[in-house]
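The structure appears right after this line, and notes come after that.
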Amino acid sequence: MPELPEVETVKETLKRQILGKRIDKVDVRCERIVRGIPVSEFTHDLSGHVILDITRQGKYIFFHCDGIVMVVHLRMEGKFFLKPDTDPYEKHEHVIFVFSDHTTLRYHDVRKFGTMELMSPGTEQLAKGVDKLGLEPFATGFGKDYLKPLVQKSKRPIKSILLDQTVVAGLGNIYVDEVLFRAKLDPKRPGTSISDHDLEQIAVFSKQVLAKAIELGGSTIRSYVSSLGVTGRFQNELKVHTMVGKPCPVCGTVIEKTKVGGRGTYYCPHCQK
DNA sequence: AAGGGTGTTGAAAG
DNA sequence: GCTTTCAACACCCT
């Protein structure tokens, strides 16, 4: 369920629920989720440590413990649930963190794409993927001038450029469609064709859309079971994404669905040039 | 009922 | 390099 607003919501919810808890043991039932080190080392290194803080960068979540940092990416369908340790494990609960207070944090991931990796405190910026992240839309310095060389020197479709996490950290398939609709840009336009004014629009709407989505707790589409902290309400604000066949809220033209860079893409063929 | 699609990303191939 | 395609996996919907 991960784009920046959903990950932010998960992070905030987790902070309220598990800060200060001590990990007694970790049960890994799907080994491929743990990256970089053997599972035995992963569980050993986390056991006995207290969760002191939880932070987010792009779509990555950092669990800061005393002496170790766990870097998690939810990929397509990763979710966390807090449950009593007496609850039976469910089918897709692949990593279970058992706390000393007999609660458990369950990592649920139907497709098993999510990742967890351990870093020494202070080196988490070097984690794979994190090391190449571009600026978040809210970061100081994010704006037209930052985007200019990254966008205007690329022939790739503007949508693909904005999905590239080394360019903008945090935008994903939903919010890119929404940003490009508000900026009135055809998702297939090559980066080289994007004007300075367009870049300004992209920067402004990236901030605006993500801020509103965070405020509403992210989006819940595809009727997911509500996961920890993620029963968002931004889906009610979506203007194009998932709206194929519906009228454009601006001009009434029927919203179309196409494919850009292999991703399902919703847009208004009249408004977005 | 097989095939295409799904809020991601990185490895491989061109 | 840069850009595109595809695989990782399980499930849902035509």
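Computed over heavy atoms, backbone and side chain alike; hydrogens, waters and symmetry mates excluded. The shown structure was predicted, so the numbers you read here are calculated from the model rather than taken from an experiment. A, B, ... follow the sequence lines: proteins, then strands. Residue 1 opens every chain.
- Distances shorter than 4.0 Å separate some side-chain N or O of A:Lys128 from OP1 or OP2 on B:dA11.
- In plain terms, the two heavy atoms of A:Gly134 and A:Tyr146 that are nearest each other are CA-OH, 3.5 Å.
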- Which parts of nucleotides 5-13 of chain C does protein reach within less than 4.0 Å, heavy atoms only, written one letter per nucleotide 5' to 3' as B for base, S for sugar-phosphate only and - for none? ---BBBS--
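- No side-chain donor-acceptor contact under 3.5 Å links A:Asp53 to the backbone of A:His64.
- Of the possible polar contacts, one joining the A:Thr265 side chain to the A:Arg263 backbone as a donor-acceptor pair under 3.5 Å is found.
- When Watson-Crick and G-U wobble pairs are counted only if both distances are under 3.5 Å, B:dG14 pairs with C:dC2.
- Using a 4.0 Å heavy-atom cutoff across all strands shown, A:Lys132 reaches no nucleic acid atom at all.
- Across the C1' atoms, B:dG7 and B:dG3 are found 22 Å apart, a figure rounded to whole Å.
- OP1 or OP2 of B:dT9 sits under 4.0 Å from a side-chain N or O of A:Gln165.
- Note on A:Lys259: a side-chain N or O is less than 4.0 Å away from OP1 or OP2 of B:dG5.
- Following rounding to the nearest Å, A:Ile158 (CD1) and C:dT3 (C1') show an atom-to-atom distance of 15 Å.
- Under a 3.5 Å cut-off, the side chain of A:Ser154 and the backbone N or O of A:Arg156 do form a donor-acceptor pair.
- Between A:Leu150 atom CG and C:dC2 atom P the separation is 11 Å, expressed in whole Å.
- Nucleic acid contact for A:Gly218: none, since no nucleic acid atom lies under 4.0 Å from a heavy atom of the residue.
- Checking B:dT6, B:dT8, C:dT4 against the side-chain heavy atoms of A:Arg156 singles out C:dT4 as nearest.
- For A:His73, no side-chain nitrogen or oxygen approaches OP1 or OP2 of B:dT8 to under 4.0 Å.
- As rounded to whole Å, 16 Å separates atom P of B:dG7 from atom CG of A:Leu162.
- Under the 4.0 Å criterion applied to side-chain N and carboxylate O atoms, A:Arg182 and A:Glu178 are assigned as salt-bridge partners.
- When rounded to the nearest whole Å, the span between CD1 of A:Ile33 and C1' of B:dT8 equals 14 Å.
- Under the Watson-Crick or G-U wobble criterion, with both distances below 3.5 Å, C:dC9 has no partner in any strand shown.
- Using a 4.0 Å heavy-atom criterion, one finds that A:Tyr60 contacts the sugar-phosphate atoms exclusively.
- Taking every side-chain heavy atom of A:Ser154 into account, C:dT3 is the closest of C:dT3, B:dG5, B:dT8.
- Separating the P atom of B:dA1 from that of C:dC9 is a span of 26 Å, rounded to the nearest Å.
- Formation of a donor-acceptor pair under 3.5 Å by the A:Asp177 side chain with backbone atoms of A:His241 is not found in this model.
- For the pair A:Asn173 CG and B:dT6 P, the interatomic distance rounds to 7 Å; values are reported in whole Å.
- Taking atom CD1 on A:Ile221 and atom P on B:dT6, their separation rounds to 10 Å, with Å as the unit.
- Rounded to whole angstrom, the span from the CG atom of A:Leu4 across to the C1' atom of B:dT8 amounts to 14 Å.
- B:dT9 atom C1' lies 11 Å from atom CG of A:Leu163, rounded to whole Å.
- With A:Gln165 contributing its side chain and A:Gly170 its backbone, the two residues share a donor-acceptor pair below 3.5 Å.
- Using a 4.0 Å cut-off between charged nitrogen and carboxylate oxygen, A:Asp196 and A:Lys148 count as a salt-bridge pair.
- Residue A:Arg263 places none of its side-chain N or O atoms closer than 4.0 Å to OP1 or OP2 of B:dG5.
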